[in-house]
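Let me begin by presenting the structure, written as structure tokens, before commenting on it.
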Amino acid sequence: MSATKGYRGPKGTYDVYPGGGQGQEPHERPELWELVERVARDVFGRYNYSEVRLPVFEEAELFVRSSGETSDVVTKEMFLFTDKGGRELALRPEGTPGVVRAFVEHNLDRLAQPTKLWYMGPMFRHERQQKGRYRQHVQIGAEVLGSPDPLVDVEVISLLYAIHKSLGVKGEVVYLNNLGDFETRRRYVPELRGFLKKHEAHLDPDSRARLDKNPMRTFDSKSKETQELLDEAPLIGDFLSEDARGHLAAVEAGLDALGIPYKLDERLVRGLDYYTLTVFEAKSAALGAQDTVGAGGRYNGLVEQLGGPDLAGIGFGTGVERILLAAEAPEGGAGLDAYFITLVPEARLPALRLAGALRDAGLSCDLDYADRSAKGQFKGADRAGARFAVVIGDEELARGVCALRDMASGEQREVRISDGPQELLRAAGA
RNA sequence: GUGAUCGUAGCUCAGUUGGCAGAGCAUCGGGUUGUGGUCCCGAAGGUCGCGGGUUCGAGCCCCGUCGAUCACCCCA
């Protein structure tokens with residue numbers, strides 16, 4: 001916050017640093033990130049997904065091709081730059097294009113199908129920041145390539161739901177829709193456009209501008225008048241092909257079987273061009289206007305469009321900052337096993353040696369390096385959440401022992417220093 | 001990119017009609033020459049976001065700028 005004296009982080013970014021949570025947003029706390037990573041890794045493992053780690057920048061063209069020339073993400077939110085070889089590059093605004101690119105580049109369709117992948121990493125969008133919206137933010141995502149099976153849709157949605165649930169996201173509702181296949185949209189879009197043209201005078205300016213290029217996005221409008229108008233508009237549900245209708249029904253049956261609560265929302269459209277059939281959005285009532293915690297959908301034409309085989313695909317992305325904002329912050333972290341308190345300079349080397357031995361044995365410990373008073377060092381032990389304080393002073397050195405103090409009970413016993421860490425461990429265990 | 005509100009100690013915030021920058025918490029030290037989490041005392045910590053203007057005098061008023069928050073646009 002202060003920053004008169006030096007540099008500040010770039011607009012729309014934030015730092016993760018130790019601070020005991022004081023004045024920090026949850027996503028600024030390192031212990032919460034460790035928790036998220038642990039949980040994500042664990043859940044993905046249980047669903048048999050493999051991790052991919054990809055560059056945070058790609059050829060800009062890749063995003064234009066996949067996300068869509070008219071999408072906001074591409075037209076106004078990309079961080080673009082040219083490298084010294086004249087290549088047009090972009091910091092990735094989302095994860096899916098990179099994953100599909102890597103899938104095609106490495107011929108991952110040779111692996112067992114479908115290919116189930118997950119990632120976690122920063123995404124970049126040049127937009128006005130807000131709480132729960134940052135220019136650099138972290139998404140956890142999954143992509144399943146190579147299967148059109150609606151039960152894969154179910155798995156992906158349940159995966160998203162499981163991650164949120166494991167991390168304590170509050171007030172979550174999953175919205176589901178089906179945007180149809182290409183045939184569906186060929187019939188539906190002209191119908192919708194025709195309807196909107198008739199009422200063009202009553203549309204808000206943004207919706208009017210989208211009329212020709214992407215009329216379905218009109219459903220995203222927050223204008224009251226436009227929304228009232230849309231009550232009369234034709235809905236895509238009535239235009240779904242036989243296949244699309246069956247797909248949606250199968251997804252619903254699967255979600256019901258798993259007991260995942262969802263709401264069908266025929267007005268749900270997504271900002272990216274590549275979606276087909278299933279789209280979904282998980283929102284949390286615990287957030288403000290940026291209430292989407294995670295979202296995704298099926299993209300059956302994308303792999304081929306990016307130069308790969310004609311394979312189906314589906315995936316989601318979920319924002320870690322938003323997960324943490326919408327979650328109950330867990331309290332209490334793991335403390336140290338031992339904290340060494342040295343009362344005379346001659347005690348420092350023996351303490352260092354013992355601490356090293358304990359660390360080698362797998363215990364966590366720390367010592368005072370600030371030459372503090374005994375009282376100060378005990379405070380340090382307390383603040384570090386140490387289970388034991390190991391005290392070495394004049395008297396102990398003279399008798400070749402250290403005092404092992406249980407910080408919770410206050411009980412103290414002596415252990416011979418020459419007995420080494422094993423004896424300390426035994427004494428501590430008692 | 002548009003609009004509104006805000007910016008004072010590490011954190012949360014007081015600061016009157018413009019008159020010597022404060023509190024609580026946190027930090028460090030002392031009370032207990034070697035024993036923490038309670039209590040008491042003390043210390044340290046600020047170019048009041050930054051730059052300009054008005055004024056004898058600006059944390060306070062005016063302009064600009066940067067940043068944050070909220071709402072749009074859109075999204076995770």
request  = To the nearest Å, give me how far apart OH (Y134(A)) and P (rA68(B)) are.
outcome  = 10 Å
inquiry  = Dot-bracket, 5' to 3', for RNA chain B please: Watson-Crick or G-U pairs under 3.5 Å, [ ] where pairs cross earlier ones, | where the partner sits on another strand, dots elsewhere.
reply    = (((((((..((((.....[..)))).(((((.......))))).....(((((..]....))))))))))))....
query = So which one's nearest nucleotide on RNA chain B is more toward 5', T13(A) or K283(A)?
reply = T13(A)
remark   = When rounded to whole Å, the CD to C1' distance for the pair E77(A) and rA76(B) reads 11 Å
key: Value in whole Å for how far the P atom of rA68(B) lies from NE2 of H27(A)   = 11 Å
inquiry  = According to side chain to side chain donor-acceptor pair (under 3.5 Å), who are the partners of R128(A), at least two apart in sequence or on a separate chain?
reply    = none
ask   = Who passes side chain to side chain donor-acceptor pair (under 3.5 Å) against Q305(A), sequence neighbours left out?
value = none
task = Using the ring-ring contact (aromatic ring centres under 6.0 Å, His included) rule, collect all pairs that involve residues 143-168 of chain A, keeping only residues at least two apart or in two chains.
result = none
task = Sticking with atom C1', work out how far rC28(B) lies from rC60(B), rounded to a whole angstrom.
result = 34 Å
key: R298(A): which of V251(A), V279(A), V152(A) passes side-chain contact (heavy atoms from CB on, under 4.5 Å)   = V152(A)
query = Reckon A381(A) touches a base, only the sugar-phosphate, or nothing at all at heavy-atom distances under 4.0 Å?
reply = nothing
ask   = Y17(A) has an atom OH; how far is it from atom C1' of rG10(B), in whole Å?
value = 9 Å
Pairwise P distance, rC25(B) and rA43(B) [rounded to whole Å] = 15 Å
inquiry  = If you compare every side-chain N and O of R8(A) against the phosphate oxygens of rU65(B) (OP1, OP2), does one of them come in below 4.0 Å?
reply    = no
Please output the side-chain donor-acceptor pairs of residues 286-295 of chain A that fall under 3.5 Å, not counting sequence neighbours, one pair per line with the distance.
unit_1  : atom_1 : unit_2  : atom_2 : d
Q290(A) : OE1    : Q130(A) : NE2    : 2.7
T292(A) : OG1    : E281(A) : OE1    : 3.1

key: Distance below 4.0 Å between Q129(A) side-chain N/O and rA68(B) OP1 or OP2   = yes
inquiry  = Tell me every residue that passes side-chain contact (heavy atoms from CB on, under 4.5 Å) with E37(A), counting only those two or more places apart in sequence or in another chain.
reply    = M120(A)
key: Pairs where residues 198-228 of chain A contributes a residue and the test ring-ring contact (aromatic ring centres under 6.0 Å, His included) is met, not counting sequence neighbours   = F195(A)-H199(A)
task = Taking only heavy atoms on the protein side, list every residue of residues 47-65 of chain A lying under 4.0 Å from any atom of RNA chain B, sorted numerically.
result = none
inquiry  = Distance check, C1' atoms only: rG57(B) and rC70(B), in whole angstrom units.
reply    = 36 Å
key: Rounded distance in Å between the P positions of rC40(B) and rG45(B)   = 24 Å
inquiry  = Between H247(A) and D181(A), do the side chains contain a donor N or O and an acceptor N or O under 3.5 Å apart?
reply    = no
Sugar-phosphate only, base, or nothing, as touched by Q24(A) at under 4.0 Å among non-hydrogen atoms = nothing
task = Let me know which of F81(A), F63(A), F79(A) forms a ring pair (Phe, Tyr, Trp, His ring centres under 6.0 Å) with F57(A).
result = F81(A)
Heavy-atom donor-acceptor pair, R128(A) side-chain to rC75(B) base, under 3.5 Å = no
By ring-ring contact (aromatic ring centres under 6.0 Å, His included) - contacts of F239(A) (at least two apart) = Y188(A)
ask   = Is F280(A) close to Y262(A) at the side-chain level, that is, under 4.5 Å between some pair of heavy atoms?
value = no
query = Given the P atoms of rC61(B) and rU8(B), what is the spacing between them in whole Å?
reply = 15 Å
inquiry  = Please classify the nucleic acid contact of R125(A) as base, sugar-phosphate, or nothing, using heavy-atom distances under 4.0 Å.
reply    = base
ask   = Rounded to whole angstrom units, what separation is found between the OH atom of Y275(A) and the P atom of rC75(B)?
value = 10 Å
note = Whole-Å distance, Y175(A) OH to rA76(B) P, equals 16 Å
ask   = What string of B, S and - do you get for nucleotides 30-40 of chain B, 5' to 3', when a contact is any protein heavy atom under 4.0 Å?
value = BB--BBBB---
inquiry  = Taking only the C1' atom of each, what is the distance from rG19(B) to rG59(B) in whole angstrom?
reply    = 13 Å
task = Could you check how far CD1 of I323(A) sits from C1' of rA76(B), rounded to whole Å?
result = 9 Å
ask   = Using a distance-only test with no angle check, is there a side-chain donor-acceptor pair under 3.5 angstrom linking Y299(A) and E143(A)?
value = yes
Distance test, side-chain N/O of Q130(A) to OP1/OP2 of rA71(B), below 4.0 Å = yes
message = Is K131(A) close enough to rU69(B) that one of its side-chain N or O atoms is under 4.0 Å from OP1 or OP2 there?
response = no
ask   = Think R383(A) has a side-chain N or O under 4.0 angstrom from the OP1 or OP2 of rU27(B)?
value = yes
task = For rC62(B) and rC6(B), measure between their P atoms and round to the nearest Å.
result = 11 Å
query = Looking at residues at least two apart in the chain, or sitting in another chain, which of them share a salt bridge (Lys or Arg N to Asp or Glu O under 4.0 Å) with E31(A)?
reply = R29(A)
remark   = Whichever of K11(A) and E127(A) has the more 5' nearest nucleotide on RNA chain B, that residue is K11(A)
message = Any base atoms under 4.0 Å from G12(A), or only sugar-phosphate, or nothing? Heavy atoms, all strands.
response = sugar-phosphate
task = List in chain and number order the residues that pass side chain to side chain donor-acceptor pair (under 3.5 Å) with K197(A), two or more places apart in sequence or in another chain; answer none if no residue qualifies.
result = D212(A)
task = Grab the CE-P distance between M120(A) and rA76(B) for me, whole Å please.
result = 17 Å
query = Say you pick atom P in rA9(B) and the same atom in rG15(B); how far apart are they, in whole Å?
reply = 15 Å
